[in-house]
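Worksheet: the structure to be examined is printed underneath.
Computed from a prediction, not measured in an experiment: that's the story for all the values here. The figures that follow rest on heavy atoms only: side chains count, while hydrogens, waters and symmetry mates do not.
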Amino acid sequence: MSFPLLTATAALPAIGAIATAAVPAARRTAAKWLALLFSLATLVLAGVALARFEPGGARYQLTESHAWIKDFGVRYELGVDGIGVALMALTALLIPFVILAGWHDADPLETKSSRWRPTQGFFALILMVEAMVILSFEATDVFLFYILFEAMLIPMYFLIGGFGDRAHAGSDENAAAQRSYAAVKFLLYNLVGGLIMLAAVIGLYVVAGTFSLSEIAEARANGSLSMATSTERWLFLGFFFAFAVKAPLWPLHTWLPNAMREATSPVAVLITAVVDKVGTFAMLRFCLQLFPEASKWATPVILVLALISIVYGALLAVGQRDIKRLIAYASISHFGFIILGIFAMTSQGQSGATLYMVNHGISTAALMLVAGFLITRRGSRLIADYGGVQKVAPVLAGTFLIGGLATLSLPGLSPFVSEFLVLVGTFSAYPAAGIVATSGIVLAALYVLVLYQRTMTGPVKAGVQGMADLRARELVVVLPLIALLIFLGVYPKPLTEIVNPAVQHTMSDVQKKDPQPEVEAAK
């Protein structure tokens, strides 16, 4: 029996979470280092999985399959395609930076009379989220995926509500109430989506008699499985609704700005750069693969919702006064691009959407973490409280600018490649949608450059004087992310080679081909 690499990659952070939580209360620093070491070890295993993955090989690789709940046909089945292995690697890459960036985030909660261990709990919850997200990218059993899809909400709820951002004015009671509201809203939205998905999961089992993706695909291929059109569409809607909440897609997005505002900056990165990717990933793996006809049927409406997300998110980002809410609305706009690329049903669009998931994770992590360092120094999230930062902290201002330029998809940085492919793929199939989507690019330039101008340039404000520049730990967090943004912006081939074969499989699932360009015959 070969080494269960996928299981080990997901199990290692789970073991790390238990070990970190068990560290004695007085050994806070030891708990931090233990969590960091487990996250780095997970990154090594994810790197091995990425190296062993063969882009031209079988669709699902490094597979594992074991009986789990025999009476209900539930199996513990794992496997990764190019999209899954890329997102698994992204998750494993970002978690060490999240841990380093949040090194002191739980320290204010420590008191001599405290009976609980907030530092150990904070880092244990982060590792538990990592374990569940990685396993969700590996799961090829629908029921197993559903369990993980719902279970990851529990540690995220406590990370938002119990370890929220304390960098804002107001009484402790008011701040605690706002954190609680954001956490409950996050939980309720996603739970409602999950419950609707559960009904669809049960319906799928009734129709197909199995939860296994491979068995369902085989049954479709040999003609032993056929769904009535209405049944397929209802099941599709049940799955898609849950994924659209997680994504988040307008109008199911309203939980995200509250959650990101009230969470610490590292946890905000965990939300939008890691957890939310499960929603868009699942649209590719489950919606398009399980319900191809229904996916094509719903495409016009989904494209409209994606376009609204792009424009709406960008417009609201322009008007924000809170730095973290601005980044949250920018993410809503970016997720609109991802969903637009997925449902444009072209190879360029879906390749761009997959690259966008990876590149958005890196760029948002860079921008949000630098913003977090800035907010920690000033003690405020309000844009109006800043000014002239580049004169007192030039390295912080420079890294903030690069993160912002990546967010607006500047050529030469990795998000540009993703956005370009999404727009090319959309233009070739739906020209009008492509034209509307380009307005998001213009608005992105507006909200990013105005944010930089108001916070980093101009006269130095009183609260900014004496602000320290980035320290060694913070540079270790930011510089590798910036290096990745530049490398993948100049040379995206390592990523495209991995994801393109998986995209071709998805295109085959929905029986779509790229539109052929119209060329006038020579006279």
Side-chain angles (χ1 to χ4, degrees), residues 125-126 129 132-133 136 146 148-165 168 174-198 237-283 302 305-306 308-317 319-339 357 360-361 364-365 368 371 381:
L125 289 170
I126 290 174
V129 172
M132 293 178 182
V133 171
S136 70
Y146 170 76
L148 298 164
F149 187 83
E150 291 288 81
M152 69 180 68
L153 301 179
I154 299 172
M156 287 305 307
Y157 169 80
F158 288 108
L159 284 170
I160 297 169
F163 300 91
D165 191 2
H168 60 83
N174 183 54
Q178 291 182 27
R179 290 194 298 272
S180 178
Y181 172 78
V184 170
K185 189 174 184 179
F186 161 81
L187 186 64
L188 288 179
Y189 267 65
N190 284 276
L191 275 179
V192 169
L195 289 173
I196 293 174
M197 179 184 169
L198 176 60
L237 290 174
F239 277 80
F240 181 80
F241 182 87
F243 303 152
V245 173
K246 185 87 78 180
L249 179 68
W250 183 93
L252 306 172
H253 68 284
T254 58
W255 62 268
L256 181 65
N258 297 82
M260 288 186 65
R261 179 179 184 271
E262 297 303 327
T264 64
S265 294
V267 173
V269 170
L270 199 62
I271 294 169
T272 191
V274 176
V275 173
D276 286 356
K277 298 300 186 300
V278 176
T280 47
F281 162 79
M283 291 179 188
I302 295 173
L305 296 178
I308 294 174
S309 289
I310 292 170
V311 178
Y312 170 87
L315 283 173
L316 265 67
Q320 291 303 307
R321 295 180 296 175
D322 183 296
I323 296 174
K324 292 171 74 173
R325 284 180 69 90
L326 185 152
I327 298 173
Y329 280 108
S331 289
I332 290 170
S333 182
H334 295 150
F335 274 102
F337 275 105
I338 294 171
I339 296 170
M357 288 187 241
H360 171 264
T364 299
M368 179 59 83
R381 297 191 295 252

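Side chain of Ser136 to main chain of Val133: a donor-acceptor pair is present (N/O by atom type, distance under 3.5 Å, no hydrogens or angles). For the pair Glu150 (side chain) and Tyr146 (backbone), a donor-acceptor distance under 3.5 Å is absent. Judged by distance alone, the side chain of Ser309 and the main-chain N or O of Trp250 form a donor-acceptor pair under 3.5 Å. Of the possible donor and acceptor atoms, none in the side chain of Lys246 sits under 3.5 Å from a partner among the backbone N and O of Lys277. Remark: side-chain polar atoms of Arg381 are not paired, donor with acceptor, to backbone N or O of Lys324 under 3.5 angstrom.
Residue Met283 holds its CE atom at 4.0 Å from CD1 of Ile339, rounded to the nearest 0.5 Å. Summarising the geometry, atom CG belonging to Asn190 is positioned 9.5 Å from atom CE belonging to Met156; distances are rounded to the nearest 0.5 Å. From Ile160, atom CD1 reaches atom OG of Ser180 across 11.0 Å, with rounding to the nearest 0.5 Å. Here CD1 of Ile332 is found 9.5 Å from CG of Asp276. Values are rounded to the nearest 0.5 Å. Within the model, atoms CZ of Phe186 and OG1 of Thr254 stand 13.0 Å from one another, a figure rounded to the nearest 0.5 Å. Summarising the geometry, atom CE belonging to Met368 is positioned 10.0 Å from atom OG1 belonging to Thr264; distances are rounded to the nearest 0.5 Å.
A pairwise comparison of heavy atoms in Val269 and Ala365 identifies CG1-CB, 3.7 Å as the closest pair. Closest heavy-atom contact between Ala242 and Gly193: CB-O, 3.1 Å. For the pair Pro248 and Phe335, the tightest heavy-atom approach, listed with the atom from each and the gap, is CD-CD1, 3.8 Å. Pairing each heavy atom of Ala263 with each of Ile271, the nearest pair is CB-CD1, 4.3 Å. Of all the heavy atoms in Pro155 and Ala151, the pair that sits closest is CD-O, 3.2 Å. Nearest heavy-atom pair across Ala306 and Gly336 is CB-O, 3.5 Å.
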- Task: For Ser331 and Thr272, run side chain to side chain donor-acceptor pair (under 3.5 Å): C-alpha distance rounded to whole Å, both residues' side-chain angles, the deciding distance at 0.1 Å, then the answer.
- Result: CA-CA 7 Å; Ser331 289; Thr272 191; 3.3 Å; yes
- Message: For a side chain to side chain contact (heavy atoms under 4.5 Å, CB included) check, start with the C-alpha distance between Leu159 and Val129, then their side-chain angles and the critical distance, and finish with the verdict.
- Response: CA-CA 10 Å; Leu159 284 170; Val129 172; 4.2 Å; yes
- Phe241 vs Leu252, side chain to side chain contact (heavy atoms under 4.5 Å, CB included): CA-CA, chis, key distance, verdict: CA-CA 9 Å; Phe241 182 87; Leu252 306 172; 3.9 Å; yes
- Give the intermediate values and the outcome of side chain to side chain contact (heavy atoms under 4.5 Å, CB included) for residues Phe243 and Val278. CA-CA 8 Å; Phe243 303 152; Val278 176; over 6 Å; no
- Query: Going through the distances and angles, do Tyr181 and Glu262 end up as a side chain to side chain contact (heavy atoms under 4.5 Å, CB included)?
  - Reply: CA-CA 9 Å; Tyr181 172 78; Glu262 297 303 327; over 6 Å; no
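Inter-residue side-chain proximity for Phe163 and Val267 is flagged as unmet; no heavy-atom pair is nearer than 4.5 Å. Residues Trp255 and Leu188 form no side-chain contact, since every pair of their non-hydrogen atoms from C-beta on lies 4.5 Å or further apart. Inter-residue side-chain proximity for Val184 and Tyr157 is flagged as met; some heavy-atom pair is nearer than 4.5 Å.
Taking the six-membered ring for Trp and the full ring otherwise, the centers of Tyr312 and His253 sit less than 6.0 Å from each other.
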